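Have a look at the structure below, then the notes.
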Amino acid sequence: MKVHLKVWRQRSAGDPGKIVNYDVADASPDMSFLELLDVLNEQLVLAGEDPVAFDHDCREGICGACSMVIDGQPHGPEKATTTCQLHLRHFRDGDTITIEPFRAGAFPVIKDLVVDRGAFDRIIQAGGYISAPTGAAPDAHATPVPKDHADRAFTAAACIGCGACVAACPNGSASLFLGAKITHLGELPQGQPERDSRVTAMVAQHDAEGFGGCTNTGECAVACPKEIPLDVISQLNRDYLAARKARRRSA
Amino acid sequence: MPSVLLKYVMAVTGAIMLLYLVLHMIGNLKIFFGPEALDGYSEWLRTLLEPALPRTGMLWIVRVVLAVSVVAHIVAAIVLARRARAARPVRYAHRQPVQGSYAARTMRWGGVIIALFVVYHLLDLTAGTLNPNGVPGAVYDNVAADFAPSHWYATLAYVIAVVTVGFHVRHGVWSALQTIGLSNAATQHALKTFALVFAVLLTAGFLAVPFAVTFGLV
């Protein structure tokens, strides 16, 4: 099949960047979207041009490396798929497809479609962990976890930190990512000792990175390749208010 | 101040204004019980809690609380809107809203329209300066003059503003419930339905008065 691509090209962070048109004549419907870009890049290299830079790693939808906004939607139009899991059979022969990087001030473009998502790492460093003593692993049955807590923690833990929520958000907010981490650790007994300090520190880091606030529009949950539910943001808000109250009590 | 906290300010001040809107709407509906009912209600608001409070004391307490809420709501909205703008310095060349409802997308400009209308509304039916009748205490006559068929542009402005309020409330109620942490997988659908029903009832209640006057039902 034949596709016409409009790809965002940007040499470096300082370059203003622009959309460049390319044609790929010999694409297969069985190709993944990343393979389509591989084919385009082969074409470009043979023509002596600079290949399109894009992030990718596992190519099986679990690492969160691939990004890009395809026809206006992070990870493309298919539900619950990452870009690497998106196949050309979902497009038609002769389609024009626009490809842009994830757009956020906190995700500066490094080159073409590659953005720096280090802001997410710094949010995790601020509190997205539990402190556990090293040594022999504790008995697996020593800490019982109620089934619904385990289920909810697992749903939230499915977040791969790709940043599609930020890319989709009209406010450039990372609230869904933040809510997923807060819910994931906050639902488990191991996450309780640092529950208050975690949410306070992570919210502060989120804002310091320049992400916007949440307006509960719900674009993020639709774009999320792991289908993180919108209500993790409600849990984030609830935990944040509880942490403030707790701090007032102890102060 | 963290965005999460600013959203909390918006939720709480929004709830205060919403409570007022509900009482305001119920008060408006007194027009269907005749001119005396409406004018009497207006007088009752001024004598409320007398003699513990001086005449119009309660009215002024409500006005001050509302003014503080309006200012806090607008300031928080402006700070959040500026942060949102800064969070995406480069716009998408190609991006259509997928999920966001019309109500969610029009919150900011809808808010501006409502604020402008409130200024006009106060000058019209509270101060009376822009009212064709404009007699203090003669609430029924003022309302009747305002929404008379010949004064159609005031009715049109009112209808547009009330529908805008309806959309604002539709997303606002749901968003506030999510902001104060009441939403979860089990309640999410119910909360959205509640917000919709609430907004529709509020809009219908406010629209009943101008339509009734224009079409000569009261």
Side-chain angles (χ1 to χ4, degrees), chain A residues 6 8 16-19 69 71-73 77 98-101 103-106 108-109 152 155 166-175 178 199-200 203-204 206-207 209-223 229-242 244, chain B residues 1-12 76-108 111 170-192 195:
Chain A
K6 296 164 88 77
W8 181 262
K18 61 173 196 289
I19 297 272
V69 172
D71 274 347
Q73 295 184 51
T98 309
I99 312 171
E100 290 178 84
R103 295 259 185 235
V109 172
R152 189 157 164 80
T155 302
V166 176
C169 178
N171 310 300
S173 173
S175 288
L178 202 53
V199 67
T200 311
V203 163
H206 170 276
D207 286 12
E209 294 292 347
F211 292 109
C214 175
T215 51
N216 301 307
T217 304
E219 295 275 5
C220 52
V222 175
L230 190 63
D231 61 74
V232 297
I233 297 174
S234 194
Q235 187 151 355
L236 158 73
N237 294 331
R238 195 162 60 232
D239 271 23
Y240 187 79
L241 293 175
R244 279 186 72 89
Chain B
M1 201 191 264
S3 298
V4 174
L5 222 51
L6 285 171
K7 289 294 297 184
Y8 190 65
V9 169
M10 297 210 65
V12 172
I78 290 172
V79 173
L80 286 166
R82 287 173 63 100
R83 282 186 194 174
R85 183 146 291 204
R88 179 158 297 127
V90 183
R91 303 284 183 104
Y92 287 109
H94 181 96
R95 164 118 182 107
Q96 68 286 84
V98 188
Q99 163 71 22
S101 62
Y102 182 76
R105 277 183 280 129
T106 51
M107 285 306 269
R108 288 180 186 136
R170 153 70 187 82
H171 184 71
V173 167
W174 142 249
S175 185
L177 290 169
Q178 168 102 346
T179 299
I180 57 175
L182 283 179
S183 158
N184 59 45
T187 59
Q188 202 167 327
H189 189 71
L191 294 183
K192 279 192 175 174

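In what follows, chains carry the letters A, B, and so on, assigned in the order in which the sequence lines appear, proteins first and then strands, with residues in each chain numbered from 1. These figures come from a predicted structure and were not determined experimentally.
- Heavy atoms closer than 4.5 Å to chain B are found in both the backbone and the side chain of A/D71.
- For chain A, the option among B/L80, B/T187, B/V90 with the highest count of heavy-atom pairs below 4.5 Å is B/V90.
- Within the 4.5 Å cutoff, the side chain of A/I19 has no heavy atoms near those of the B/H94 side chain.
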Could you pull out all donor-acceptor pairs under 3.5 Å where a side-chain atom in residues 170-177 of chain B meets a protein atom, sequence neighbours excluded?
from	atom 1	to	atom 2	distance (Å)
B/H171	NE2	A/T215	O	2.7
B/W174	NE1	A/N216	O	3.3
B/S175	OG	A/N216	ND2	2.6

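- Of the possible donor and acceptor atoms, none in the side chain of B/R105 sits under 3.5 Å from a partner among the backbone N and O of A/T217.
- Neither the backbone nor the side chain of A/P229 comes within less than 4.5 Å of any heavy atom in chain B.
- Expressed to the nearest 0.5 Å, how far OG1 of B/T179 lies from CG of A/L236 amounts to 10.0 Å.
- Neither the backbone nor the side chain of A/A204 comes within less than 4.5 Å of any heavy atom of chain B.
- Residues meeting the salt bridge (Lys or Arg N to Asp or Glu O under 4.0 Å) test with A/D231, sequence neighbours left out: A/R152.
- Listed for the B/Y8 side chain is no donor-acceptor partner under 3.5 Å among the backbone atoms of A/N237.
- For A/L241, the part sitting under 4.5 Å from any heavy atom of chain B is the side chain, from C-beta outward, and nothing else.
- The part of B/R91 that comes within reach of chain A is its backbone (N, CA, C, O), which places non-hydrogen atoms under 4.5 angstrom from that chain.
- Atoms CZ and CZ, from B/R95 and A/R103 in turn, are 12.5 Å apart once rounded to the nearest 0.5 Å.
- The SG atom of A/C214 sits 13.0 Å away from the CG atom of B/L6 when rounded to the nearest 0.5 Å.
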